[in-house]
Amino acid sequence: MKLLLIEDEKALAVSIVTYFQRENFICEWAPDYETAVEKISIYRYDCVLVDIMLPDGSGLDVIRALKRKYPDTGIITISAKNSLDDKIVGLNLGADDYLTKPFHLSELNARVQAVIRRRSFQGNQNIVFGEIKIDPAQHLVQVSGHEVVLTRKEYDLLIYLISNKNRVLTKESIAEHLWGDDADLMDNFDFIYTHIKNLRKKLMDKGCPDYLKSMYGVGYKFSEK
Amino acid sequence: MKLLIRIFRYHIFASIIALVLGASLFYVSVRFLIDREVNQELFSSQAKVSWQLRNIDRLPVYILQLGDSLQLNAVRFPRKPSLTDNTLFDKTTREFQPYRQLTFYEQVEGQWYRVTISKQLIQRRQLLSAVVMTVTFIAALLLILLLLLNNWLSERVWRPFYKTLGSLDAYKLETHEILQFPKEPTIEFDQLNKSVSQLTARLATTYQNLKEFTENAAHEIQTPLAVIMSKIEGLLQDETLREPQIMSLLEVSEAANRLSKLNNVLLLLTKIENHQFLAGNEEINLVTIINRKLRDLEDLIETRRINMQTSLVPTGPVMNAALAEILVNNLLTNAIRHNVDQGTIKISLEPGKLVVSNTGNPIEVAPEQMFERFRKVSTNSSSIGLGLALVKTICQVNEMDLAYTVDSNWHVLTVSWK
């Protein structure tokens with residue numbers, strides 16, 4: 001999978017690139033509009049992450065250029081502006097998703113994977129992790145062929161955990177993924193624990209090994225080891 | 001007090017002084033003329049009486065009718081003739097009347113007589129009343145004219161002033177409008193209009209600059225925050241980290257998260273206060289928003305075993321849809337956040353009124369103070385303390401009323417609109 005990150009803040013770009021390289025993505029970085037346009041005219045990417053505010057131009061123009069050349073490429077806009085206008089303009093131009101700074105890298109990762117899944121296989125690709133098979137089109141979860149009935153939040157949580165497999169996920173990032181702006185309503189993170197506990201139980205009831213590891217104090221990790 | 005009335009007062013004051021002075025002068029001069037006339041009459045009578053007495057011993061009847069009365073008294077010695085004013089009793093009118101008396105002495109056949117001719121000064125009283133009446137009439141006429149003139153002035157001459165005042169009243173900073181006026185023939189009003197135009201132009205620029213600065217500052221903070229958070233996330237993946245280090249990292253991460261949220265809410269507050277959200281032009285059905293929000297918060301409500309009671313009539317205020325969403329969101333999350341486990345939330349929506357009540361712990365401060373920014377009851381709550389401030393601000397810009405009452409353990413927030 002090939003990614004292009006268009007972001008002028010070097011420190012942030014380095015974090016993102018490192019993060020995706022660990023996920024075995026080929027991740028390239030363009031610090032400005034000029035480089036970005038040059039890169040998208042030469043290479044083909046599976047997903048492009050665009051910061052809307054660039055020092056020498058607008059990320060929206062990059063999206064327009066990209067849409068003309070490779071309309072199938074997934075696009076996620078990143079903006080420091082939490083403004084509805086930018087969001088709508090970006091989505092109207094054909095962007096698939098929108099993230100506002102600051103964000104959790106795990107959240108970005110989950111979004112990138114979702115976009116690639118939708119773009120590359122028309123959303124029909126099943127997500128497989130060990131015994132677990134998820135059909136995103138039908139919101140169907142199976143463990144070794146047996147269906148597991150999950151609530152909406154448990155389903156979202158499972159997708160999020162698998163998208164960020166083998167990584168430590170903070171409770172904060174999980175809470176924000178599941179509840180967005182309402183995440184701060186949880187005075188403590190016991191609440192996530194309830195969902196995690198229920199999810200783990202439902203999976204293990206169908207014979208799934210315990211993939212969910214609690215990292216003391218930090219959060220959770222979904223891994224085979 | 002209206003400026004014209006103030007000026008009118010001075011006008012009246014000045015007119016009265018002028019009238020009193022003028023009337024006194026008039027009275028004095030006319031009296032002087034009358035007095036001279038009376039004196040001349042008296043002296044001519046004296047000449048006639050003297051001549052009669054010297055040449056003809058008897059006084060004819062017509063002489064006795066000179067003046068208003070004539071008296072002859074025999075005296076031993078003559079004295080100097082004198083002219084005096086006296087008050088005498090008039091038998092016909094039965095009252096005292098002013099008289100001018102000319103007294104002189106005449107010798108008839110060796111005998112001295114004192115002759116006193118009296119002339120009633122009736123004209124003087126008449127004059128006084130005539131002068132007073134005339135002055136009163138002039139004063140009344142003048143006042144009426146001044147009043148009419150003032151009315152006319154305020155309607156015609158002052159019209160540009162009231163127009164400028166009206167446009168200043170209706171002036172809205174957030175529209176970035178620069179007030180422009182047609183050229184006025186009155187120099188003062190033209191100057192006023194020019195100053196107002198310049199002022200609004202400066203205001204618009206300053207406001208624009210300030211707004212850009214606030215927005216830019218808020219946005220620029222988000223990128224460094226993104227860097228901090230991404231670096232922490234990267235570090236957390238390092239398995240060689242020990243627990244104290246992880247704990248520190250988590251605290252930094254939490255602080256950065258909080259800062260970001262704070263920044264977002266403050267930015268939102270500023271935007272609302274600056275009226276950067278377009279005013280809505282249709283009624284928002286709050287029921288849809290409330291139900292959607294309740295669905296989002298469903299599991300939270302269930303986990304805390306909060307009992308939900310709703311009585312919703314499809315209605316709502318005319319306002320911006322995004323703001324209505326934020327309003328409902330903050331009211332509901334506030335009711336959940338400050339609720340007790342197994343508590344109750346009642347939502348009642350009726351025409352012109354949305355009431356959200358929740359059970360909760362009693363608060364020690366006055367309920368109205370909860371609308372202040374960063375006002376929190378507990379310090380360990382993860383809330384940033386801007387929720388109700390946001391609700392208040394939204395209500396203010398949309399001219400809705402927000403009331404917070406606490407009745408034993410019930411907290412009731414009422415939003416009402418027209």
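In what follows, every chain begins at residue 1, and chains take the letters A, B, ... in the order their sequences are listed. The structure displayed is predicted, hence computed values, not measured ones. Note that these values count all heavy atoms, side chains included, but never hydrogens, waters or copies made by symmetry.
- In this structure, chain A has no heavy atom under 4.5 Å from any part of B/E298.
- Of the two parts of B/L236, the backbone and the side chain both hold a non-hydrogen atom closer than 4.5 Å to a non-hydrogen atom of chain A.
- Looking only at heavy-atom pairs under 4.5 Å with chain A, the residue among B/N263, B/L268, B/I246, B/N257 that has the most is B/N257.
- The choice from B/K231, B/M229, B/Q237 that makes the most heavy-atom pairs within less than 4.5 Å of chain A is B/Q237.
- For the atom pair A/L91 CG and A/D96 CG, the distance stands at 8.5 Å (nearest 0.5 Å).
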Practice problem: Run the numbers on A/D61 and A/R64 for salt bridge (charged side-chain N to carboxylate O under 4.0 Å, His left out), then give the verdict. | Solution: CA-CA 5 Å; A/D61 291 332; A/R64 284 189 193 102; 2.6 Å; yes
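- Neither the backbone nor the side chain of A/T151 has a heavy atom closer than 4.5 Å to any heavy atom of chain B.
- Side-chain contact annotation: A/Y160 with A/S173, donor-acceptor N/O pair under 3.5 Å present.
- For B/N329, the part lying under 4.5 angstrom from a heavy atom of chain A is the side chain only.
- Counting only N and O atoms by type, the side chains of A/Y19 and A/S106 include no donor and acceptor under 3.5 Å apart.
- Side-chain contact between B/N330 and B/I394 is absent, with no heavy atoms from C-beta onward closer than 4.5 Å.
- Of the two parts of A/T18, neither the backbone nor the side chain holds a non-hydrogen atom closer than 4.5 Å to a non-hydrogen atom of chain B.
- Only the side chain of B/E239 comes within contact range of chain A, judged by heavy atoms closer than 4.5 Å.
- Annotation: cation-pi geometry satisfied between A/K2 and A/Y45 (NZ/CZ under 6.0 angstrom from ring centroid, within 45° of ring axis).
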